[in-house]
Amino acid sequence: QVQLVESGGGSAQAGGSLSLSCAGSGFTYSTTCMGWFRQAPGKEREGVAAIYTGDGEPRYTDSVKGRFTISRDNAKNTVHLQMNSLKPEDTAMYYCAALVYGGRCPVLRPSHFGAWGQGTQVTVSS
């Protein structure tokens, strides 16, 4: 059974930092793409960052480049998202996602990812 369990998130002031973690199980973690998406109220879910667990190659959406860093800990089947220089527009529910059948990271569209976590809230105040 594929399972993604998120942790972290919470509230921060603009310019502050938060971190998210996602532990995966039930699939071949070592050679797949795991990523983070976010969805603000009234908006579509959008890709934030992703990483190929095989060699750590990251991918970011333009709005978070230079501020967010995605990394992986293969020993713990976990990916992390470090979010720095947070902005109010980063406020959203953040979801962990994975390619269940493996492979490098595709374009960050929700439809490409078959496994999802339950989400964790990130709120940034000005």
Side-chain angles (χ1 to χ4, degrees):
Q1 180 180 358
V2 176
Q3 191 171 20
L4 299 174
V5 179
E6 300 127 333
S7 60
S11 299
Q13 296 281 337
S17 299
L18 288 171
S19 63
L20 305 177
S21 296
C22 175
S25 62
F27 59 95
T28 304
Y29 168 88
S30 60
T31 53
T32 192
C33 178
M34 292 185 67
W36 291 95
F37 289 75
R38 65 187 180 188
Q39 188 166 18
K43 295 188 176 181
E44 293 185 353
R45 191 169 296 190
E46 65 169 349
V48 176
I51 190 167
Y52 177 59
T53 57
D55 61 12
E57 179 184 19
R59 182 176 295 218
Y60 300 96
T61 193
D62 286 346
S63 63
V64 307
K65 285 180 180 177
R67 300 190 299 121
F68 291 10
T69 302
I70 190 168
S71 61
R72 93 279 196 213
D73 182 345
N74 287 3
K76 297 181 180 180
N77 285 12
T78 300
V79 295
H80 305 283
L81 185 67
Q82 178 65 39
M83 303 181 291
N84 298 328
S85 301
L86 284 163
K87 303 176 180 180
E89 51 264 44
D90 294 319
T91 295
M93 185 71 78
Y94 282 69
Y95 297 90
C96 179
L99 294 182
V100 176
Y101 297 106
R104 288 193 173 273
C105 294
V107 173
L108 295 182
R109 291 177 184 160
S111 59
H112 290 158
F113 290 77
W116 293 87
Q118 293 186 325
T120 185
Q121 179 67 37
V122 169
T123 302
V124 183
S125 56
S126 57

_Closest non-hydrogen atom pair, Leu81 against Ala49_ = CD1-CB, 4.0 Å

*Looking only at atom types and distance, does a side-chain atom of Ser21 sit under 3.5 Å from a main-chain N or O of His80, one as donor and one as acceptor?*
no

_For a 4.5 angstrom cut-off between non-hydrogen side-chain atoms, does Ser125 reach Ser11?_
no

*In Å and rounded to the nearest 0.5 Å, what is the CD to CE distance from Gln118 to Met93?*
10.0 Å

*Could you check if a side-chain atom of Phe68 sits within less than 4.5 angstrom of a side-chain atom of Thr61, using non-hydrogen atoms only?*
no

*With side chains defined as the heavy atoms from C-beta onward, is the minimum distance between Leu108 and Glu46 less than 4.5 Å?*
no

*In Å and rounded to the nearest 0.5 Å, what is the CZ to CE distance from Phe27 to Met34?*
4.5 Å

*Between atom CD of Gln82 and atom CD1 of Ile70, what is the distance when rounded to the nearest 0.5 Å?*
12.0 Å

_Interatomic distance, Thr91 atom OG1 to Arg38 atom CZ [nearest 0.5 angstrom]_ = 9.0 Å

_Minimum heavy-atom distance Ala50-Cys105, with the two atoms named_ = CB-SG, 3.7 Å

_Option among Tyr94, Phe113, Tyr95 that satisfies the ring pair (Phe, Tyr, Trp, His ring centres under 6.0 Å) test with Phe37_ = Phe113

*Would you indicate whether the side-chain heavy atoms of Tyr101 and Thr32 approach each other to under 4.5 Å?*
no

_Verify same cluster id: Val124, Tyr60 (apolar side-chain graph, 4.5 Å)_ = yes

_Euclidean distance, Ile51 CD1 relative to Glu57 CD, rounded to 0.5 Å_ = 9.0 Å

*Ser126 and Ala14: which non-hydrogen atoms are nearest, and at how many Å?*
CA-CB, 4.2 Å

_Ser17 to Asn84 - nearest heavy-atom pair and separation_ = OG-OD1, 2.8 Å

_A side-chain contact here means heavy atoms from C-beta on lying under 4.5 Å apart; do Pro106 and Leu99 qualify?_
yes

*Could you check if a side-chain atom of Trp36 sits within less than 4.5 angstrom of a side-chain atom of Cys96, using non-hydrogen atoms only?*
yes

*Measuring from Leu18:CG to Thr120:OG1, what's the distance to the nearest 0.5 Å?*
9.5 Å

_Considering all heavy atoms, the nearest Val2-Gly26 contact_ = CG2-O, 3.6 Å

*Got a donor-acceptor contact below 3.5 angstrom from the Thr78 side chain to the Ala23 backbone?*
no

_Any carboxylate oxygen within less than 4.0 angstrom of a Lys/Arg side-chain nitrogen, looking at Lys65 and Asp62?_
yes

*asked:* I'd like to check Met83 versus Val122 (side-chain heavy atoms, cut-off strictly below 4.5 Å). Are they in contact?
replied: yes

